Number of protein chains: 2
Amino acid sequence: MVRETGGLRADAARNRRLLLDAAEAELAEHGLDVSIARIAARAGIGKGTVFRHFATKDQLVAAIFTDQLDGLAATGAALLEAAEPGVALLEFMTAGVELQAGGQSVCQLAASISRTDPAVRAAVGRLADVAEALTARARAAGAVREDVTGHDIVLLLAAASQAAVPLGDVVPGLWRRYLGLIFDGLRPEAAHPLPVPAPTNAQLTAAAQPA
Amino acid sequence: MVRETGGLRADAARNRRLLLDAAEAELAEHGLDVSIARIAARAGIGKGTVFRHFATKDQLVAAIFTDQLDGLAATGAALLEAAEPGVALLEFMTAGVELQAGGQSVCQLAASISRTDPAVRAAVGRLADVAEALTARARAAGAVREDVTGHDIVLLLAAASQAAVPLGDVVPGLWRRYLGLIFDGLRPEAAHPLPVPAPTNAQLTAAAQPA
DNA sequence: ACCTGAACACCGTTCAAGT
DNA sequence: ACCTGAACACCGTTCAAGT
């Protein structure tokens with residue numbers, strides 16, 4: 001949790017919270033292109049203070065992204081107790097796409113930052129664990145095909161939201177259509193052999209190298 | 001076709017071609033973040049000359065994107081004569097994702113530019129027409145569910161490539177897995193009613209407003 | 001007409017000066 | 001310890017001077 005105020009002085013802790021709140025709001029409103037100056041102004045702090053808390057703009061964005069991923073993981077963990085595993089999995093995926101549909105940035109994030117930043121990568125791992133648990137239940141219930149993993153689910157969240165991006169402003173809920181289509185592809189009825197196996201944990205770890 | 005040299009002076013026509021080739025290569029290698037200076041240097045022309053041919057960096061990128069879309073449309077048109085409509089549609093989608101997998105930028109493009117730039121929007125329209133023709137054949141052959149349109153197909157191309165982005169370097173052909181999963185969702189066997197109808201032409205036209 | 005590089009505005013990042 | 005704004009390097013874009 002980034003909002004923990006470790007052993008910080010009172011003013012530093014306060015500024016950090018102001019910064020994170022301002023950054024989250026500005027990123028959601030204007031996407032990755034917001035200037036640090038704008039975020040600092042909204043937080044009511046100096047530009048330089050931003051770089052005292054986060055060495056780089058990317059790291060600030062990564063911190064916020066990490067928080068959001070962990071929030072989604074918590075949602076997924078709660079859904080493990082739901083009655084119908086297939087419905088629960090779909091609800092989890094819906095929450096995941098909704099998260100991305102709120103902001104602008106989405107895929108630029110997934111592309112460049114989640115590879116590099118260790119905290120984000122750890123958060124993705126926690127998320128994938130929850131997704132795998134949900135998927136295992138759905139598989140056992142016959143709601144989902146055998147060859148789909150939790151990592152597949154996480155990666156498909158970005159896919160569903162991406163499909164709707166070009167029309168996002170005009171048709172607000174369009175991503176639900178593509179999530180529905182993609183989810184139908186996860187059902188056992190239409191399952192055909194896939195040409196490439198699911199990514200392994202080793203491959204996910206290997207992706208840590210910077211671009 | 002952007003590489004047409006209209007009524008340009010000889011040196012201008014030559015520079016334009018050098019510029020487009022250099023830009024395409026640099027964009028594929030380094031993504032949307034390449035500097036104009038770098039592109040100009042590769043083309044062997046001055047920075048200012050870039051802006052004589054394209055008013056803005058976005059317009060240069062849009063020109064290249066337009067070309068690539070039209071190339072894909074040509075591939076799709078050729079596939080209209082293929083024997084099996086379902087296989088043809090999948091081949092078309094494969095070519096579409098391959099196009100995006102080659103470069104880096106992908107989704108940033110789809111998000112910000114294709115909305116705004118009229119030439120890109122026109123190219124997307126031509127592409128959607130071909131996709132719709134391919135889809136109609138596949139529908140009639142029973143290879144694809146009734147409620148999927150050509151525009152769905154085009155939007156799903158970005159989805160499939162997006163899913164593989166975080167692991168693109170590590171597992172080169174991973175997008176084939178997600179294209180396969182998504183294509184299984186298009187089959188009639190697993191079709192469930194979708195919560196949102198396909199985007200209409202009116203909505204696609206309305207999306208022309210800048211962000 | 002078209003080319004060019006110097007000049008401008010803007011943004012991420014650094015750092016000397018403050019408390 | 002931490003805050004701040006001026007200063008730096010870099011990039012997209014403009015434009016006066018060249019051919």
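Since the model is a prediction, treat every value here as computed from it, not as a measurement. Just so we're on the same page: letters track the sequence lines, and every chain starts at 1.
Near DNA chain C, meaning a heavy atom under 4.0 Å from it, residues 43-53 of chain B has B/Ile45, B/Gly46, B/Lys47, B/Gly48, B/Thr49, B/Arg52, B/His53 in order of number.
Residues meeting the salt bridge (Lys or Arg N to Asp or Glu O under 4.0 Å) test with B/Asp129, sequence neighbours left out: none. A/Arg145 is linked by a salt bridge (Lys or Arg N to Asp or Glu O under 4.0 Å) to A/Asp147, B/Asp184, counting only residues two or more places apart in sequence or in another chain. With sequence neighbours left out, the side-chain contact (heavy atoms from CB on, under 4.5 Å) criterion links B/Ala131 to B/Phe92, B/Ile153, B/Val154. With sequence neighbours excluded, the residues satisfying salt bridge (Lys or Arg N to Asp or Glu O under 4.0 Å) with B/Arg126 are B/Asp70. Scored by the side-chain contact (heavy atoms from CB on, under 4.5 Å) test, A/Val144 finds A/Leu89, A/Thr135, A/Ala138, A/Arg139, A/Val148 as partners (sequence neighbours excluded). Remark: A/Thr75 engages A/Leu79, A/Ala95 in a side-chain contact (heavy atoms from CB on, under 4.5 Å) (not counting sequence neighbours). Partners of A/Arg176 under the salt bridge (Lys or Arg N to Asp or Glu O under 4.0 Å) rule, at least two apart in sequence or in another chain, are A/Glu98. A/Ala198 is linked by a side-chain contact (heavy atoms from CB on, under 4.5 Å) to A/Thr149, A/Asp152, B/Arg177, counting only residues two or more places apart in sequence or in another chain.
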Practice task
Kindly express the pairing pattern of DNA chain C in dot-bracket notation, using | wherever a base pairs with another strand and counting only Watson-Crick or G-U pairs under 3.5 Å.
Solution key: ||.|||||...|||||.||
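A salt bridge does not link A/Arg38 with A/Glu29: every distance from a Lys NZ or Arg NE/NH1/NH2 to an Asp or Glu carboxylate oxygen is 4.0 Å or more.
Heavy-atom distances to DNA chain C give each of B/Arg9 and A/Ala37 a nearest nucleotide, and the one nearer the 5′ end belongs to B/Arg9.
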Compile the donor-acceptor pairs under 3.5 Å between side chains in residues 43-52 of chain B and protein atoms, sequence neighbours left out, one pair per line.
none

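Scanning DNA chain C 5' to 3' for nucleotides with an atom closer than 4.0 angstrom to a non-hydrogen atom of chain B gives a first and last hit of C/dA1 to C/dA7.
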